[in-house]
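Just below is one structure, and these are the notes that go with it.
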Amino acid sequence: MPEKRKHSAMANLDASQAQTSSSPFLPMFETFRAELDEHHDRRERIIKASRDITAASKKIIFALQRVRKLALPIPQNILKSTESHQAIIHERFSSITSDLQSINAYRYYRQVSGGIQEWMESLLFQHYLATQTLLSFTDALKELHRLSAAPVERAPPPTDVQGGSETTGTDGMEIDTGNKTEDSPPQTIDLTPEDYLLGVFDMTGELMRFAITSIATSGSLPTSTSDTQRTPLTDLQSFRRLLSMFDYGERAGGFARDSSKKLEVTLQSVEKVERAMYGLVVRGSERPKGWVPPDMEVRGAGEEIEGY
């Protein structure tokens with residue numbers, strides 16, 4: 001038979017537990033646990049919202065790819081099809097605004113950056129199709145502030161032991177404390193120059209798809225009525241010249257690393273449109289109408305064309 005635990009051992013265990021519960025370090029570590037739980041919950045909320053914003057932005061881009069004319073208002077049927085996705089983006093941005101204030105804007109930057117870049121890509125692409133111009137950073141910042149605006153939540157003023165408060169005295173007279181919550185500006189999410197530029201990089205890929213689709217469906221590139229010399233190809237070449245200044249090489253990190261990788265994709269996008277126009281204008285004029293290339297020529301259609 002195993003020996004029964006003595007009463008003295010039980011008493012020592014109870015005394016040890018009582019000493020632990022009265023330890024001055026226990027409340028401190030409980031505070032640490034609460035802060036970590038709050039951090040993980042906030043991080044998960046931001047990640048989920050960023051994924052939803054990314055998905056909704058991609059659906060908006062898919063709808064915008066049905067546009068066939070430049071520098072004209074977006075057709076109403078396409079705008080109507082994107083209303084639900086715009087509402088999702090608005091709701092998700094405003095839901096995490098309070099989580100991205102003060103130092104938390106930098107703490108959780110990597111978690112929300114992907115969603116902002118994808119939204120920036122859809123906004124830039126829609127603005128380009130409607131105006132054939134690049135949306136400025138200032139206007140993009142205003143749009144993000146509009147979508148993420150959330151009222152400032154403030155706790156009610158504390159009441160003192162005599163029945164008064166910080167804003168109202170014991171005699172009921174209002175005291176001017178200098179803090180007028182009704183005039184406080186709403187909380188917003190800020191747009192960083194890095195996310196704006198990375199969105200411009202991504203937009204060039206959508207512009208390439210728009211140009212290729214136009215060539216395949218109409219046999220030419222669309223132009224605006226005010227400037228017939230400008231096409232998506234000439235704009236892509238302008239973007240290539242401007243964005244090439246952000247080529248930092250493989251040794252860089254952070255924004256420099258991301259911009260260098262996206263620059264490679266941008267260069268490939270411009271070359272794809274140049275090859276398509278080469279085949280349409282130069283090679284197309286040498287072939288009879290209705291000519292279909294043989295299999296060997298189709299397989300060899302990926303020859304390298306020097307960019308301008």
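No experiment lies behind these values; they were computed from the predicted model shown. Along the sequence shown, residues are numbered consecutively beginning with 1.
- In this structure, Asp139 and Ser136 have side chains that are in contact, with non-hydrogen atoms separated by less than 4.5 Å.
- What you find for Glu121 and Glu206 is that their closest heavy atoms are OE2-CG, 3.0 Å.
- Hydrophobic clustering (ILVMFWY, side-chain heavy atoms < 4.5 Å, transitive): Val270 and Met245 are in one cluster.
- In this structure, Glu274 and Gln237 have side chains that are in contact, with non-hydrogen atoms separated by less than 4.5 Å.
- Atom CD1 of Ile89 is separated from atom CG of Leu123 by 9.0 Å, given to the nearest 0.5 angstrom.
- For the pair Leu70 and Tyr128, the minimum side-chain heavy-atom distance is below 4.5 Å.
- Checking Asn104 against Tyr109 by side-chain atom types alone, no donor-acceptor pair falls below 3.5 Å.
- A donor-acceptor distance shorter than 3.5 angstrom exists from the side chain of His127 to the backbone of Thr133, with no hydrogens or angles considered.
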Subject >> From CA spacing to verdict: side chain to side chain donor-acceptor pair (under 3.5 Å), Asp247, Ser244 >> reply: CA-CA 6 Å; Asp247 185 9; Ser244 295; over 6 Å; no
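- Judged purely by distance below 3.5 Å, without hydrogens or angles, the side chains of Gln132 and Ser224 pair a donor atom with an acceptor atom.
- At least one side-chain heavy atom of Leu207 sits under 4.5 Å from a side-chain heavy atom of Phe239.
- Not one N or O on the side chain of Arg66 forms a donor-acceptor pair closer than 3.5 Å with the backbone of Phe62.
- Taking the side chain as every heavy atom from C-beta outward, Met208 and Thr204 never approach each other to under 4.5 Å.
- At a threshold of 4.5 Å between side-chain heavy atoms, the hydrophobic network of Ile, Leu, Val, Met, Phe, Trp and Tyr places Leu72 and Leu221 in two separate groups.
- In summary, the side chains of Ser238 and Arg241 do present a donor paired with an acceptor at a separation below 3.5 Å, with no hydrogens or angles considered.
- Minimum interatomic distance between Leu134 and Val200 (heavy atoms only, all atoms of both residues): CD1-CG2, 4.3 Å.
- Considering OG1 of Thr266 and CD of Glu271, their distance stands at 11.0 Å, rounded to 0.5 Å.
- Residues Asp190 and His145 meet the side-chain proximity criterion, which asks for heavy atoms closer than 4.5 Å.
- In this structure, Trp119 and Glu143 have side chains that are in contact, with non-hydrogen atoms separated by less than 4.5 Å.
- Environment of CD1 in Ile103: sparse, with no more than 12 heavy atoms of neighbouring residues, nucleotides or ligands closer than 6.0 Å.
- Smallest separation of non-hydrogen atoms from Ile88 and Asp52: CG2-O, 4.5 Å.
- Between Phe29 and Phe32, a ring centre-to-centre spacing shorter than 6.0 Å is recorded.
- With hydrophobic clusters built from ILVMFWY side chains whose heavy atoms lie under 4.5 angstrom apart, Tyr106 does not share a cluster with Ile46.
- Scanning both residues, Tyr196 and Leu124, for their nearest heavy atoms gives CE1-CD2, 4.1 Å.
- Ser94 approaches Ala150 most closely through the heavy-atom pair O-CB, 4.2 Å.
- A distance-only check finds a donor-acceptor pair linking the side chain of Arg68 to the backbone of Gln65 [under 3.5 Å].
- Within a 6.0 Å sphere centred on CZ of Arg230, heavy atoms belonging to other residues, nucleotides or ligands number more than 12.
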**OP:** May I have the step-by-step check of side-chain contact (heavy atoms from CB on, under 4.5 Å) for Glu118 and Ile53, ending in yes or no?
**Re:** CA-CA 8 Å; Glu118 195 69 32; Ile53 292 170; 5.9 Å; no
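- At least one donor-acceptor pair closer than 3.5 Å links the side chain of Ser148 to the backbone N or O of Ile189.
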Subject >> Trace of the side-chain contact (heavy atoms from CB on, under 4.5 Å) decision for Phe125 with Asp202 >> reply: CA-CA 9 Å; Phe125 186 50; Asp202 293 335; over 6 Å; no
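- Ser57 places no side-chain N or O within 3.5 Å of a backbone atom of Ser122 that could act as its donor or acceptor partner.
- How far OG of Ser50 is from CZ of Arg110: 11.0 Å, rounded to the nearest 0.5 Å.
- Checking Ile61, Leu79, Ile78 one by one against Gln126, the side chain to side chain contact (heavy atoms under 4.5 Å, CB included) holds for a single residue, Leu79.
- Between Ser260 atom OG and Leu263 atom CG the span is 7.0 Å, to the nearest 0.5 Å.
- Residues Ile47 and Phe93 do not share a hydrophobic cluster, defined by chaining ILVMFWY side chains whose heavy atoms lie under 4.5 Å apart.
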**OP:** Could you give me the CA-CA distance, side-chain angles and deciding distance for Asp258 and Lys262, then say whether salt bridge (Lys or Arg N to Asp or Glu O under 4.0 Å) is met?
**Re:** CA-CA 6 Å; Asp258 295 339; Lys262 290 180 180 293; over 6 Å; no
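- Residues Arg43 and Tyr108 have side chains that never bring a donor and an acceptor to within less than 3.5 angstrom of each other.
- Between the OG1 atom of Thr192 and the CG atom of Leu197 there is a distance of 8.5 Å, given to the nearest 0.5 Å.
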Original post:
Step by step, would you call Arg92 with Ser95 a side chain to side chain donor-acceptor pair (under 3.5 Å)?
Top reply: CA-CA 5 Å; Arg92 296 299 188 272; Ser95 68; 5.9 Å; no
**OP:** Evaluate the criterion salt bridge (Lys or Arg N to Asp or Glu O under 4.0 Å) for residue pair Glu44 and Lys48; output intermediate values, then yes/no.
**Re:** CA-CA 6 Å; Glu44 289 300 320; Lys48 184 179 184 304; over 6 Å; no
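- Residues Phe210 and Leu64 have side chains not in contact (no heavy-atom distance under 4.5 Å, counting atoms from C-beta outward).
- Rounding to the nearest 0.5 Å gives a distance of 13.0 Å between CG of Leu141 and CZ of Arg146.
- Counting only residues at least two apart or on different chains, no side chain to side chain donor-acceptor pair (under 3.5 Å) pair has a member in residues 71-85.
- For Leu191 against Ile116, the heavy-atom pair with the smallest separation is CD1-CG2, 3.6 Å.
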